[in-house]
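Atoms within each ligand, like the ligands themselves, are counted from 1 in listed order. Owing to the predicted nature of the structure, the values given are computational and were not obtained by experimental measurement.
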Amino acid sequence: MRNIDSYTHTRGESIYLDDIPVVAGTLYAACFDSPVAHGKVLSIDTSEADKSAGVVKVLTHKDITGENQIGGIIPDEPLFADHHVHFCGMPIALVLAETDEQARAAVHKIKVEIEPLPVITDPREAMQKGELIIPPRIFKIGDIDTAFKNCDYVFEGKADTNGQEHLYIETQGAYTVPQENGVIKVYSSTQGPTAVQRAVSKVTGLPMHQLEIDVTRLGGGFGGKEDQANTWAALCALGTHITKRPVKYSLHRMEDMRMTGKRHPYSSDFKIGLNKDLKIVAYEATFYQNAGAAADLSPAVMERTLFHCTNSYFIPNVTATAYCCRTHLPPNTAFRGFGGPQGMFVIEAAIAKVADELGVDATVIQQKNLLQTGDELPYGQKVVSEANECWDKTMAQFDFEAAKKAVADFNAKNKLQKKGIAVMPICFGISFTNTLMNQARSLVHVYTDGSVVVSTAAIEMGQGVNTKILQVVAQVFSIAPEKIRVNSTNTYRIANTSPTAASAAADLNGKATLIACTAILERIKAVAAVELNVDASAIELKDEFVFANGKKTDWDWKKIVLHTYNKRVSLSEHGHYSTPDIHFDKSKEKGHPFAYHVYGTAVITATVDCLRGTYEFDSVKLVHDFGTSMNQIIDRGQIEGGLVQGIGWMTMEEVVYDKNGKLRSNALSTYKVPDIYSVPKEIDVQFLQTQKDNLAIFRSKAVGEPPLMYGIGAFFALRNAIKNFNASANPAFDAPMTPEKVLMSLYPQKVKILMDKKQLV
Ligand code: MTE
Ligand code: HPA
Ligand code: MOS
């Protein structure tokens, strides 16, 4: 079934935040944000802005009616800077004016004096200075000390990954409209309506029931709106609470890039030990996470780095330590993969290092160490593995040996163009790592005309979750999709929502919907059974008709629904689902946190222009474990999108802050994301469809985040191409592998001469 949004999307009729018709009297907001990354605020002078044309009010921390606090996990993040600023882009004042232009003009008239303080941008430096947001966490299995002593090979190294700008097409924003009795309706571009509700409640001092959060859809979130939509909603709601007028703030792209956090950069050390058979026996990793100026979701992101630090491999002795380091960057946040990709890059770097040192193919080491069913991960969960199935199918389906030979043949014939090939297996755990968040509710109403409306906590952000929810309803009732409407996500219909994140939205909200629809169906069946004088177990609803003992009756869906109502039986249900069998004990760092894991294997081939350092990806061919995909069109879209986003992170997207903590890659002219020309020339997605039981909705495994991690293979394909040009090249494990870095890596000897002569810095 195609995505239910495709019709309005292609006609430009889909409603995003900025498309909501504004109410008369709406004020427009604009932020004055800190130009300094760390400093003492000496004075804030808004007098000129107050007098500026159209300005109704300028808000600062002094105007907050509740608490000046928006921290989610830890209350360490003021909404408005008061006496200190902690990052460039931190809100200091908010102008409310009659028009957007007037609000933005007035921002320039605000004068703030800041005494600069020392700025830290590097997580290792933060760690040395004791700037940790939470105490370090350590995941441990076996005994690495003994194991390293008995290894035949031990290698050490460093591996770094940079941040990533979310670059959702729809920027952050909110629109708040006063209702009667002090209620505020908040339209927000958020993945987490309840997170918005809590933040707005805290900042305004209004109880949660005075706040209605409503979300139709997002023009992308990618994790960037799991926590960081709160700021704009809180700012607008405060404005509405104080002025009693609607307030709208839709960020400009450069404001969004400057003021919001990104994927966490990590700097990491690894030590890997193997025996003669190339089995990885011991692995030690230390992760320095650049959290930015406040906790935001960093502790949870860091936890997932530890969960995924061994990727798709079984390693019996592991010690992984992670530090959540406070720096003066905007608070970094969730981004597709949620710290997992950062952990997986390091083990892949460690394997590449072994391959370099021993002169073997990395694929040989990868393949020998793949997880098998029953293997225990460092955090105690035993896996049901599809790692070998995906790997083997990839090798066979795409004839990996022939592909390798083609690369070698090309390289033998070409001097200034070199190809590289790499394989990237993935293993990703599905569930919020915070067990309590794995719950969801769904509200289903069947109307007397047989049409159905469903509301859940799921946020549609392009990933197709609404289509999947609709499919659940259609399947349980056996009715046509046209009879079903998926409502906007609204905190008055569905309360206490977990954010749409962790790839779990379809599973959690789909299962809650399944429960709700099944309950209604059972009641309808009971009514039909009485009418048809059979046992309820003999009733079936199929293709909009009632069947009794397998025989079609003249009771159609509409007739039986109306009859159920006439019998005063409820046609509504509020279903609740919580994932069974998951648990995690943080005091031991052991448990069974994930409902299941998703696997896959990708082969990536790259061609490098060795004169220019530029490159192309010839192909990405992969086998992905979908369980039993309930929507192959949507799932394929998620694989392609995630893959390209991952390649972007690994190869071209370069977040640059200067040493003063100012974002230099602050626009699309300086921050390069993949366009259609940088997409691999061929993407071949093969489905590993399994029949095994799992906790996914209709056994259709979660697909949102895992494919991003195939992109890690792009880094290693480029690295291999560079080594195929210059065997003595030793490119650092320092992503992204931009064309500049490729060029420098191709000619290390020349670079050294230029560096010595100080002609290159
Ligand atoms: N796909 C699109 N088109 N837009 C998005 O913002 N977010 C990703 C992924 N795929 C995203 C997307 C992220 S970070 C997550 S966690 C999942 O979708 C969330 O949705 P799901 O739980 O329904 O998979
Ligand atoms: N994944 C994504 N988002 C989250 C998680 C998680 O495990 N925990 C809290 N928010
Ligand atoms: Mo996704 S990073 O869990 O929103």
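No donor-acceptor contact under 3.5 angstrom links the side chains of His583 and Thr435, judged on distance only.
Checked against a 3.5 angstrom limit, the closest N/O atoms of Ser503 and ligand 3 fall outside it. Residue contacts with ligand 3: Phe222 is placed with no nitrogen or oxygen under 3.5 Å of a nitrogen or oxygen of the ligand (distance criterion only). Considering backbone and side-chain atoms together, Glu705 places no N or O closer than 3.5 Å to any N or O of ligand 1. Remark: ligand 3 and Glu705 share an N or O pair separated by less than 3.5 Å (distance only, no angle test).
With atom 10 (N) of ligand 2 as the reference point, the heavy atom nearest to it among Gln191, Glu303, Glu226 is part of Glu226.
Not a single heavy atom of Ala702 sits less than 4.0 Å from an atom of ligand 1.
At a heavy-atom distance under 4.0 Å, only backbone atoms of Ala502 (N, CA, C or O) approach ligand 3. In Ala458, neither the side chain nor the backbone holds a heavy atom less than 4.0 Å from any atom of ligand 1.
With sequence neighbours excluded, no residue satisfies ring pair (Phe, Tyr, Trp, His ring centres under 6.0 Å) with His264.
Taking 4.0 Å as the cut-off between side-chain N and carboxylate O, Glu589 and Lys140 do not count as a salt-bridged pair.
Side chain of Tyr168 to main chain of Leu218: no donor-acceptor pair is present (N/O by atom type, distance under 3.5 Å, no hydrogens or angles).
The distance between the ring centers of Phe139 and Phe307 falls below 6.0 angstrom.
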